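Can you keep this structure in mind? I'll have questions shortly.
Proteins come first, then strands; the chains are lettered A, B, ... in the order of their sequence lines, and each starts at number 1. Everything numeric in this text was worked out from a predicted model, so none of it was measured.
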There are 4 protein chains.
Amino acid sequence: MSVIPATPDAADPGSAARKGRPRSDRAHRAILDAARDLLMEEGFSGLRLEHVAARAGVGKATIYRHWGSREELALELLVELAGPHIPVGDSGDTREELLATVMNPLRALTETAFGPVIRALLSQIAMDPRLGDRFRATVVMARRSEVARVVARGIERGDLRPETDAGVATELLVGPVYFRLVFGGELDRDFAERVVANYLDGTAVPVRDVDWF
Amino acid sequence: MSVIPATPDAADPGSAARKGRPRSDRAHRAILDAARDLLMEEGFSGLRLEHVAARAGVGKATIYRHWGSREELALELLVELAGPHIPVGDSGDTREELLATVMNPLRALTETAFGPVIRALLSQIAMDPRLGDRFRATVVMARRSEVARVVARGIERGDLRPETDAGVATELLVGPVYFRLVFGGELDRDFAERVVANYLDGTAVPVRDVDWF
Amino acid sequence: MSVIPATPDAADPGSAARKGRPRSDRAHRAILDAARDLLMEEGFSGLRLEHVAARAGVGKATIYRHWGSREELALELLVELAGPHIPVGDSGDTREELLATVMNPLRALTETAFGPVIRALLSQIAMDPRLGDRFRATVVMARRSEVARVVARGIERGDLRPETDAGVATELLVGPVYFRLVFGGELDRDFAERVVANYLDGTAVPVRDVDWF
Amino acid sequence: MSVIPATPDAADPGSAARKGRPRSDRAHRAILDAARDLLMEEGFSGLRLEHVAARAGVGKATIYRHWGSREELALELLVELAGPHIPVGDSGDTREELLATVMNPLRALTETAFGPVIRALLSQIAMDPRLGDRFRATVVMARRSEVARVVARGIERGDLRPETDAGVATELLVGPVYFRLVFGGELDRDFAERVVANYLDGTAVPVRDVDWF
DNA sequence: TCGTAAACGAGACGGTACGTCCTGTCTTAAC
DNA sequence: GTTAAGACAGGACGTACCGTCTCGTTTACGA
């Protein structure tokens, strides 16, 4: 899932026939890997392009040729790492799918490089439109649609009430995971199950219309 | 809620008799104000102590005398701004108190300087133990206790089921708010009400024991 | 007469093939000129590299890339300014050559930038081996050899006594000039002539072996 | 030989009855000693009043109360150290007195603290009128008068020619010593004797009026 | 097969900010 | 009213990176 290059690409796709030496995939990949490692170690504000270049064995200018800014580089990294953890398959079991909806990001955050990377980028996403808007337009939107599909299937199956509010389902299921990522607390299967349980059952004492007893 | 000074303070509290010219409250206050403004404008990584000093009309060394690092300064700011928005009074109405539990941080984030400031500091909180641990030990802990009290009162009143899981209540009620802060979406009273409604009622189709009809 | 660069230069002189963008001669020259002016205005201890950089339109780091320290920069300046004023040509007239030996440094000190610059650096030369040793090894040594040649020619011509002490000739001829530079007094041709006259004729009443008169 | 205090002293000595705590001689002395040591170690530009204050066990403000500037402090030091080495007694032997004229400053420079201190201050004397003018008006003037007296006695005794140029005698006798102080070379009795020998006898081949033989 | 053109690595460029140090002034409490 | 202590505003230090700009070299395509 590539991000728009720094300079060219506006080019015609058909005529093609680009001149000069082509961009080096090796360099592209090496930069992304180096950036990922350094981002995890130092955070976004500690991400020095000079260090990325050194670790990747690349000239600084090459980074600017491919991305144009630290933010664009970070975004490509983010999208690349987030992508695989979004889909929730149709398992036929609503509770199971809801659990997957919580466990997918939870696992991505705790077991893959996506965790440290997004930790490092949370503030940028929250503040910088260049990064935030594009992250929202891609990753967050994909996640929301996936959750909406899970809810729809749940309603269809008669497991969720028809009026279930899909508009806040992502917040209710995934919000708690990100809350703990930032503010601390266990991020494990037990936590995910408690979130799902509350999501399904609520906490209120049921209104018994059997009050004619 | 003061943060430990950079250097002295080891001193005896009772006998006192501090030597030399005392620290300037005016400078302390001016630095905090300037830092708050610049943090909101530029983010944490764009927070230049040189600019803070200039805007506060203060020497750079004075900042280091009072705090010793950007992070400590940011933490004092955060604690100072977060403090007022945590308590939830006993209103007698559980739903109302739950709504306040959601609306308090929501309003702090959208209507006060706390919003921009914590946006700027999310990554630091999530990554840097110096800042994160102390933020968790103060602000987050205070919030969790407050939520636990609200849940306890709800159970006592018979509005919440006795087995209600207080350990994830903060995540369920406040997590969605922070999720939207970072990943976008309306942050208004309607949102808060939907969160509370889901928290109380869940989404599952109620199990009707009238199925022997 | 160049001074050793801050970092590279270890390089092969023949094969060459230097990597990266080459050092800028324009910057080198601009820094030397700015340093000269500021040294003359403010003295060595008042020579702020930040001001040199600003006046030369150059980044501070560029100065450190080329010289590594204020002292090395000052030395190159000194050597560059001192060089032209050392040689004394063979005029055939010993008194004339001795006068040139005094007038050369006198004119350099009073009529060129070398005067203010060395005034500013006297203490460094006298105290700091980094600067002093290298100044002695280049400029002072060159001056001493030149004076020794003048004395040798004078002896050869029969104008100076054969046992004339070349080892203190520089001190006797040039010492008085530097003395006045520091401690005050006219520095003009008349002064130079009086120094040469005393050097040649001494002050003692001649021992007349004609005492049989 | 005290230098004018920074602030008070304008006061009348008779009426007296100065108010408040009197100045501390201990502090004055301790500051001078600390300044001397640090000047010898670090040079004038490395002389930090903060370090002087610390080493003397004194508040920084006290230094400013007594001297008002680094230069005034340095001057008092210089005058105090130079004073003892100027007088040349009447020994009856002109060559001996001339040797003392050379050896006095030579010994002061090599065997006492005056050497390192004046090394450190040469540039200031040569450049800064505040220091230079007052040094010239006191120490240099005293030296010149002393040399003039030695020359006068030499003429009177018939050892020096009546037309001997007293106006450059100091330069010819003491200049070589300072030259070596800055630019290197042995500073010992042998050097002094060679300087005196040249001063008395010159270097020119004597004009023999026996050419009518 | 040979230009031509662009990307490559390297590293210097003019800058900005860092965190430290020191300046000369000020504000305390103690004497 | 001076003292030691130490905070104050200011400013330079030498270092580290920024994003841009040459360099000489490498790699592809079309003439």
Side-chain angles (χ1 to χ4, degrees), chain A residues 7-8 16-24 26-27 46-51 53-54 56-66 68-70, chain B residues 7-8 16-24 26-28 46-51 53-54 56-66 68-70, chain C residues 7-8 16-24 26-28 46-51 53-54 56-66 68-70, chain D residues 7-8 18-24 26-27 46-51 53-54 56-66 68-70:
Chain A
T7 15
R18 304 271 230 76
K19 299 191 182 182
R21 176 175 174 175
R23 295 264 172 99
S24 158
R26 194 201 61 73
L47 179 64
R48 310 297 171 194
L49 288 197
E50 214 147 71
H51 296 189
V58 138
K60 240 190 320 178
T62 299
I63 301 181
Y64 286 99
R65 245 178 247 120
H66 286 236
S69 78
R70 228 157 45 125
Chain B
T7 15
R18 303 275 231 77
K19 300 208 184 181
R21 177 174 172 175
R23 296 270 172 94
S24 158
R26 193 200 62 72
H28 195 91
L47 179 63
R48 310 298 172 193
L49 290 196
E50 214 146 73
H51 297 192
V58 137
K60 241 191 315 179
T62 298
I63 301 182
Y64 286 99
R65 243 180 248 120
H66 286 237
S69 79
R70 230 157 42 125
Chain C
T7 16
R18 304 273 234 76
K19 299 211 183 180
R21 176 173 173 175
R23 296 272 171 91
S24 158
R26 193 200 63 70
H28 195 90
L47 179 64
R48 311 297 173 195
L49 290 196
E50 213 146 74
H51 297 191
V58 137
K60 241 192 312 179
T62 298
I63 302 181
Y64 287 99
R65 249 179 242 120
H66 286 236
S69 77
R70 229 157 43 126
Chain D
T7 15
R18 302 270 227 78
K19 300 188 182 182
R21 175 173 172 176
R23 293 254 175 112
S24 157
R26 194 201 62 72
L47 178 65
R48 309 297 171 195
L49 289 197
E50 212 146 72
H51 296 189
V58 138
K60 242 191 320 178
T62 299
I63 301 181
Y64 285 99
R65 245 178 251 118
H66 286 236
S69 80
R70 230 155 46 124

Toward the 5' end of DNA chain E, by each residue's nearest nucleotide, B:E50 or C:G57: C:G57
Measuring to OP1 and OP2 of E:dC13, would you say a side-chain N or O of C:H66 lies under 4.0 angstrom away? yes
Just call it for D:R70: base, sugar-phosphate, or nothing, with non-hydrogen atoms closer than 4.0 Å on any strand. nothing
Determine the minimum heavy-atom distance between A:S24 and A:A27, stating which atoms define it. OG-N, 3.0 Å
5'-most contact on DNA chain F: C:H51 or B:V58, nearest heavy atom basis? B:V58
Whole-Å gap separating P (E:dT20) and CD1 (B:I63): 12 Å
Closest to the side chain of A:R23, out of E:dC8, E:dT23, F:dC8, is E:dC8
Calculate the interatomic distance between A:Y64 atom OH and F:dT20 atom C1'; express it in whole Å. 9 Å
For B:L49, does its backbone N or O pair with a side-chain atom of B:R70 as donor and acceptor, under 3.5 Å? no
Side chain to side chain contact (heavy atoms under 4.5 Å, CB included) partners for B:R21, two or more places apart: none
OP1 or OP2 of F:dA9 versus the side-chain N and O atoms of B:R26: is any pair under 4.0 Å? yes
Hey, could you give me the NE2/CZ distance between C:H66 and C:R23, rounded to the nearest 0.5 Å? 5.0 Å
For nucleotides 21-23 of chain F, tabulate all protein N/O to nucleotide N/O atom pairs closer than 3.5 Å, reporting atom names and distance.
residue	atom	partner	partner atom	Å
F:dC21	O2	C:R21	NH1	2.9

Check this one for me: any side-chain N or O of C:T62 less than 4.0 Å away from OP1 or OP2 of E:dC13? yes
Closest approach of A:A53 and A:G59, non-hydrogen atoms and distance? CB-C, 4.2 Å
E:dC13, OP1 or OP2 - any side-chain N/O from C:H28 closer than 4.0 Å? no
What is the separation between atom CG on C:L49 and atom P on E:dC21, rounded to the nearest whole Å? 19 Å
Quick check for you: to the nearest 0.5 Å, what is the distance between D:E50 atom CD and D:I63 atom CD1? 9.5 Å
A:R48 vs E:dA17: side-chain N/O to OP1/OP2 distance below 4.0 Å: no
Please enumerate all residues that pass side chain to side chain donor-acceptor pair (under 3.5 Å) together with C:T62, with sequence neighbours excluded. C:R65
